[in-house]
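Chain identifiers are assigned alphabetically (A, B, ...) following the order of the sequence lines, protein sequences preceding nucleic acid strands; residue numbering begins at 1 within each chain.
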Amino acid sequence: MNDTRFDPGQADGRWQRAWAEARAFKADSASNKPKSYVLEMFPYPSGRIHIGHVRNYTMGDVLARYKRMTGHEVLHPMGWDAFGMPAENAAMEQGVHPAGWTCQNIATMKGQLQRLGFALDWSREFATCDPAYYGHEQALFLDLYAAGLVYRRQSAVNWDPVDQTVLANEQVVDGRGWRSGALVEKRQLNQWFLKITQFAQELLDGLGELDGWPDKVRLMQENWIGKSQGLQFRFDLTNGDMVEVYTTRPDTIFGASFVAVAPDHPLAEAVAANNCEAAQFIAQCKRGGTTAAELETAEKLGFDTGIGARHPFTGETLPVFIANFVLMEYGTGAIMAVPGHDQRDFDFATKYGLPICRVIAPAGSNPDEPLTEAEPGDGLAVHSGFIDGMTVADARRAVIARAEAEGWGAGKTVWRLRDWGVSRQRYWGTPIPFIHCAACGVVPVPKDQLPVTLPEDIDFATPGNPLVRHPSWKHVACPSCGGAAERETDTLDTFVNSSWYFLRFASQPADRAFDKAEIAAWLPVEQYIGGIEHAILHLLYARFWTRALRHIGLVDVAEPFASLFTQGMVTHETYRSTGNDPRWLAPEEVERRGAEVVEKAGGQPVEIGRVVKMSKSKKNVVDPDDMIARYGADAVRWFMLSDSPPERDLPWSESGIEGCGRFVQRLWRLFGQHSSTVQGTDQALDRQAHKAIAAVGEDIAALAFNKAVARIYELASAVEKAAPSASRSAAIRTLVLLAAPMMPHLAEEAWAKLGEAGLVADAAWPAVDPALLVDDEVTIAVQVKGKLRDTLTVAKGLPQPDLEALALASDKVQRALDGAQVRKVIVVPDRLVNIVA
RNA sequence: GCCCCUGUGGCGGAAUGGUAGACGCGAACGACUCAAAAUCGUUUGUCGCAAGACGUGCCCGUUCGAGUCGGGCCAGGGGCACCA
């Protein structure tokens, strides 16, 4: 091994080909080794791999390679979440076909991933836009339909009247279509829904068992599911009608001073029908913005309907308002308002001069003290008839019991979670496999006619859904009566595609979506890695699909992802030119001159902005391919793992990647010093090497890659400093193996030069000799009153009295004691002595 | 508004209640070189010549001992949001 430089330019590709030829990372479902399924969230083929992908997939790759080395049969697959709007946008803007655009991107990005040397089983690769995938999805959708988990109903969508298209919420900017700028209308369409609410309790309970998930994500899902328990009850109205309200605070029912209904509540609409002031008020409410900032400042507004509501206990008549802060989508769309104990009600009551009455008071406080703001806290019921003196919890139960006994209300659980609307009025998605027949209604496409494929000859020049406009695609015979009928032209939300792809990776028979037994062999995914932005929707939908498929007997697993890891973003400094017309500058447009940063062209000073997530708009991006070309895949991978803990943001820096490139070369030079002839043992180095093996293994298993990296640096430094010995050569071989999951190309090259047989990718993780993990000498900290005064190096296991004597004998200790009386000595064996004077 | 997370050198960050700052980046000095690059070595929390003192956002507490545990603040970041 004479070469002084490792040349990634030729070595990377050579080893990538070697792995491919050996099918080194093909997962064998029939293997009897313990199985490990390592999965990173599959990418949307947007064009090119960005550095965030590199970080994500490097982490998974290190874990997958480590698992292989520790004797596991590893499934580490990759594919493409290939349906979605960017492809349609490209079609409209560039006149290309979404399929062609997508395939091109997949080819580009696959090449990029391969150049990073990821240990992926490419034989299982698929794209969700392939009929071989979405056809099975259609079959699963029909199975769920047959089980009653799919239904259709009217639902509002954002409609862009210029583009003749439905917009996602994110595409509505300030009430206007993002592309056309037209005022967006609400339209009612018949749409498909999945009954996720049927699984609300299960999905909530399941969170409790997901120990391998971050608490933060579990909490976010819990809040999203939003279970609340309360009382739903009826107010009889003075107009002979009645209104149902829902409250989580039945204990405050005696404090109700008015009833409020949502602007789109049927009662409000009935009032508006012959009261144009009411109609105007409702229209005004609907105009109001729904952004956070607008809601923050929005005033509580109401319209007194003149109708009265009879309080079920006091018989008092309460006014009924239409109020802008009541939501039709939650509960019953109507509330009993208790100003004393709800701030919104308080604000409203203050504005409209309604009574504010305290009905809960903290024990021992004066129940007649006036309220200056709503008190949502705990206490005892006051001014509350038969529940006076009860705790909040008792009062709740008592009121619910009375309502149920008297028949005007009942305890009820309400969920924030809504059923999942999966209809999208778009081309580039999975066609929903149904046919609309004038005679037979909605008819499922028979399974032997699946997949329902997308037509290829489409027109994107005209606005609207091309499937609707296509001359022939939707016209089919009804499967039931044979008469003329039309296909459903909606396609499925792309989140459906990503809700079961991890099952298809594990098992891909041709004739069905997956094989139950093969799924059982691989699932649950042992470690799932991805961005926090998927904490709610994707992860909740995937959990729901898995449970729904279990419900209909297709899988046995309940939770798809045993452990979840959400990695941080890759960030970079931003640069802005100075002068009259400041603009963002790319890293390659600027250079450092001492402490200053200037524009390369012209030399004007550059303002250094905040360190933020890499984005094209701020130009603070680096291209993974450029970095691979300059430093090699291993240096890029090493950088992704170094320094920052993986859950935190990683600031990209030019000097950082250069340092990684230098370390690759430094290791290479060190590997070159391996000799199989030199003799002699170096016990200290043996110890250090074995400690490193244990620590790096633990760190990788815990995804603490930054710590594993630091250990490898430490061992490398120690080996460099050590004199030649058999121990040193063994430590060099150990280093090759420890580096193998992180810098696989360098490790393969070194492994071959060391004369080892086979691929290092297939090598076993080095065994740890437990005897070498313990030192025979330890350093003892000697403290006086908790402050460090001295350290002692002593034999391990030295008895406490000896330690105490040695500590007291120390000059530094005596000086610190300064003749004071020793009152107490605390001795922690092999660790520390603390002398208290 | 509610909920959650995070505050440690110039920077990224280590640290089962037990020697704070491992490891990396940066910086300074030195060696090699005609010179540079590369490489190697030394130093690098603050104050201080030193002995030493101080030091993990702030205050209080528990403890022989607190970055770590408890209480109260402050700052930054994130999630949810008129959810009754």
For atom [atom1] of [X] and atom [atom2] of [N], their distance in whole Å:
| X | N | atom1 | atom2 | result |
| --- | --- | --- | --- | --- |
| A/Q221 | B/C4 | CD | C1' | 15 Å |
| A/E658 | B/A38 | CD | C1' | 13 Å |
| A/D649 | B/C11 | CG | P | 17 Å |
| A/Q232 | B/A84 | CD | P | 14 Å |
| A/D342 | B/G1 | CG | P | 15 Å |
| A/N223 | B/C5 | CG | C1' | 14 Å |
| A/F325 | B/G1 | CZ | C1' | 15 Å |
| A/R249 | B/A84 | CZ | C1' | 11 Å |

Could you identify the nucleotide paired to [N], looking across every strand shown and requiring Watson-Crick or G-U wobble geometry with both distances under 3.5 Å?
| N | value |
| --- | --- |
| B/G7 | B/C74 |
| B/A37 | none |
| B/G52 | B/C47 |
| B/C2 | B/G79 |
| B/U63 | none |

Using a cut-off of 4.0 Å on non-hydrogen atoms, how would the nucleic acid contact of [X] be classed: base, sugar-phosphate, or nothing?
| X | answer |
| --- | --- |
| A/N834 | base |
| A/T248 | sugar-phosphate |
| A/Y246 | base |
| A/R218 | nothing |
| A/R711 | nothing |
| A/N706 | sugar-phosphate |
| A/T779 | base |
| A/R789 | sugar-phosphate |
| A/K707 | sugar-phosphate |
| A/V245 | nothing |
| A/Q783 | base |
| A/L219 | sugar-phosphate |
| A/R823 | nothing |

Name the orientation class of the two ring planes belonging to [X] and [Y] (parallel below 30°, tilted from 30 to 60°, perpendicular beyond 60°).
| X | Y | result |
| --- | --- | --- |
| A/H538 | A/H534 | perpendicular |
| A/F348 | A/F258 | parallel |
| A/F495 | A/Y541 | perpendicular |
| A/F233 | A/F235 | tilted |

So if I take every side-chain heavy atom of [X] and compare against [options], which nucleotide ends up nearest?
| X | options | value |
| --- | --- | --- |
| A/R666 | B/G24, B/C82, B/G7 | B/G24 |
| A/R344 | B/G79, B/C82, B/G13 | B/C82 |
| A/E714 | B/G7, B/C23, B/G12 | B/C23 |
| A/K300 | B/C82, B/G52, B/A20 | B/C82 |
| A/W224 | B/C80, B/A20, B/G24 | B/C80 |
| A/R815 | B/A84, B/G52, B/C25 | B/G52 |
| A/S717 | B/G13, B/G24, B/G18 | B/G24 |

* Asked: Just one of A/Y631, A/F705, A/Y713 clears the ring-ring contact (aromatic ring centres under 6.0 Å, His included) bar with A/W638, so which one?
  ->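 Of all the options given, the one that passes is A/Y713.
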[X] versus [Y]: any side-chain heavy-atom pair under 4.5 Å?
| X | Y | answer |
| --- | --- | --- |
| A/V320 | A/V243 | no |
| A/F281 | A/L301 | yes |
| A/P646 | A/N706 | yes |

* Asked: A/I532 or A/G659: which one's nearest nucleotide on RNA chain B is closer to the 5' end?
  ->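 Closest to the 5' end, via its nearest nucleotide, is A/G659.
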* Position toward the 5' end of RNA chain B (nearest nucleotide), A/V782 or A/K216 ->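 The answer here is A/V782.
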* Quick one: classify the glycosidic conformation of B/G9 as syn or anti, with syn meaning within 90° of 0. =>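 Syn for B/G9; the angle stays within 90° of 0.
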Would you say [X] places a side-chain N or O within less than 4.0 Å of OP1 or OP2 belonging to [N]?
| X | N | value |
| --- | --- | --- |
| A/R662 | B/C40 | no |
| A/K787 | B/U19 | no |
| A/R416 | B/A81 | yes |
| A/R831 | B/G65 | no |

